[in-house]
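Hydrogens, waters and symmetry mates play no part in the numbers below; they use all other heavy atoms, side chains included. None of these values were measured; they are calculated from a predicted model. Chain letters run A, B, ... following the sequence lines, proteins first and then strands; every chain starts at 1.
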There are 2 protein chains.
Amino acid sequence: MHISDEDLLQALRSQGLRITAPRRAICGALARHHNTHLTVDDLHRLAEEDAETHLDRSTVYRTIEALESAGLVTHMHLGHGAAVYHLAEEAHHHHLLCENCGSTTTVDDADFDDMMALVTERTGFVVNSHHFAMPGRCADCAKEV
Amino acid sequence: MHISDEDLLQALRSQGLRITAPRRAICGALARHHNTHLTVDDLHRLAEEDAETHLDRSTVYRTIEALESAGLVTHMHLGHGAAVYHLAEEAHHHHLLCENCGSTTTVDDADFDDMMALVTERTGFVVNSHHFAMPGRCADCAKEV
DNA sequence: TTGGCTGCAAAGAGTTTGCACAGCT
DNA sequence: AGCTGTGCAAACTCTTTGCAGCCAA
């Protein structure tokens, strides 16, 4: 079962934060698109469509910041552009971004941890890499070359 | 033996590009700091000190772009901020950036390739990751927790 | 001589912040 | 009623671009 918008709102409420129309719309968009990576722009657009009203981008930034510091949402960077956000519970995989076709491949934590254990073994460094995508070529594009 | 500023200038020259005072200063700074990761700001400051004259940031960007497309320089992203540049010949290692102390650990290509072969094996994805650093905790900071 | 390179200024993307007012609790 | 959250506008960082004059080849 996935986190619903009500779960998100409830979590905000229990942090002593207030529930407002913009926050409802933003939480709704996040919950409804829990399986995607949304930029602030996406979120802004979706929330506006939802609320059928104008929202300011800074409101979106401030709301996700609140959700992020409450631990419900995380952001990461796919390539150079804007950061992408998703529910924290969806974060248990690593992203591989294809430089050629722009697709993202995911590796789940278990597999990724195996790989990163090798890094730690050789360097002592503990990788914490949900935060940045690794660029390269996806299986399909790798064949093309 | 390392690449010298003259090597860089010579390479520009052989691309039909012109040698100017700003370019001398920028190539000098790159060659002299070949073992570091320089932001455009660093490079700008170093080149100004060197040339004892004012240089525009856009000149640094444009020169770096020329050197990069000539294959002599690469850039990568350590964390969120500005890109860092270094000589392409120094690029044969991967970067691990400590979120705690800001230090960078490097893994050379051979080791890194071993690890990434595991990714390819499991997903078909071919990682090309000199471009982004992997965040985490360096050996020392990992102990602290 | 002449086309590439420069500085300057402005613009662009992504993000943050100050402020006065609206509105949640 | 009080204080948090909002929209608006401005600022900030990093980077790119247009333009007119300068200078390396």
Going 5' to 3' through nucleotides 10-16 of chain C, assign each nucleotide B (protein heavy atom under 4.0 Å from a base atom), S (under 4.0 Å only from sugar-phosphate atoms) or - (no protein heavy atom that close). ----SBB

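Proximity of B:P22 to B:D56: side-chain heavy atoms (C-beta onward) are nowhere separated by under 4.5 Å. Side-chain contact check for B:C27 versus B:L12: some heavy-atom pair is nearer than 4.5 Å. Looking at heavy atoms from C-beta onward, A:H34 lies out of side-chain contact with A:I3 at the 4.5 angstrom threshold. Within the 4.5 Å cutoff, no side-chain heavy atoms of B:D5 are placed close to those of B:R32. Between B:H86 and B:V73 there is no side-chain heavy-atom pair separated by less than 4.5 Å.
Residues satisfying the side chain to side chain contact (heavy atoms under 4.5 Å, CB included) test with A:Q15, not counting sequence neighbours, are A:L17, A:A70. With sequence neighbours left out, the side chain to side chain contact (heavy atoms under 4.5 Å, CB included) criterion links A:A21 to no other residue. Residues meeting the side-chain hydrogen bond (donor to acceptor under 3.5 Å, both in side chains) test with A:D42, sequence neighbours left out: A:T39, A:R45. For the salt bridge (Lys or Arg N to Asp or Glu O under 4.0 Å) test, residues two or more places apart in sequence or in another chain that qualify with A:R57 are A:D41. A:R62 is linked by a side-chain hydrogen bond (donor to acceptor under 3.5 Å, both in side chains) to A:S58, counting only residues two or more places apart in sequence or in another chain. Under the side-chain hydrogen bond (donor to acceptor under 3.5 Å, both in side chains) criterion, A:R18 pairs with no residue at all, not counting sequence neighbours.
No more than 12 heavy atoms of other residues, nucleotides or ligands shown are found within 6.0 angstrom of CD on B:E65.
Rounded to 10 degrees, the angle separating the terminal axes of the helix from C:dT1-D:dA25 to C:dT25-D:dA1 is 20°, with each axis obtained from five end pairs.
Residues from residues 23-33 of chain A with heavy atoms under 4.0 angstrom of DNA chain D, sorted by number: A:R23. Within residues 8-20 of chain A, the residues approaching DNA chain D are A:L17, A:R18, A:T20, by heavy-atom distance under 4.0 Å. DNA chain D is contacted by no residue of residues 44-51 of chain B, taking any non-hydrogen atom closer than 4.0 Å.
Between the B:T63 side chain and the B:V60 main chain, no donor and acceptor come within less than 3.5 Å of each other. A donor-acceptor pair under 3.5 Å links the side-chain atoms of A:S4 to the main chain of A:E6, judged by distance alone.
With a heavy-atom cut-off of 4.0 Å to chain A, the contacted part of DNA chain D has its first and last nucleotide at D:dG2 to D:dC8.
Ring geometry, B:H44 versus B:H54: the interplanar angle exceeds 60°, so the pair is classed perpendicular (tilted spans 30 to 60°).
A continuous path of hydrophobic side-chain contacts links B:L46 to B:L87 [ILVMFWY only; heavy atoms under 4.5 Å]. When the side chains of ILVMFWY residues are joined at heavy-atom separations under 4.5 Å, either directly or via intervening members, B:L43 and B:L55 end up in two distinct hydrophobic clusters.
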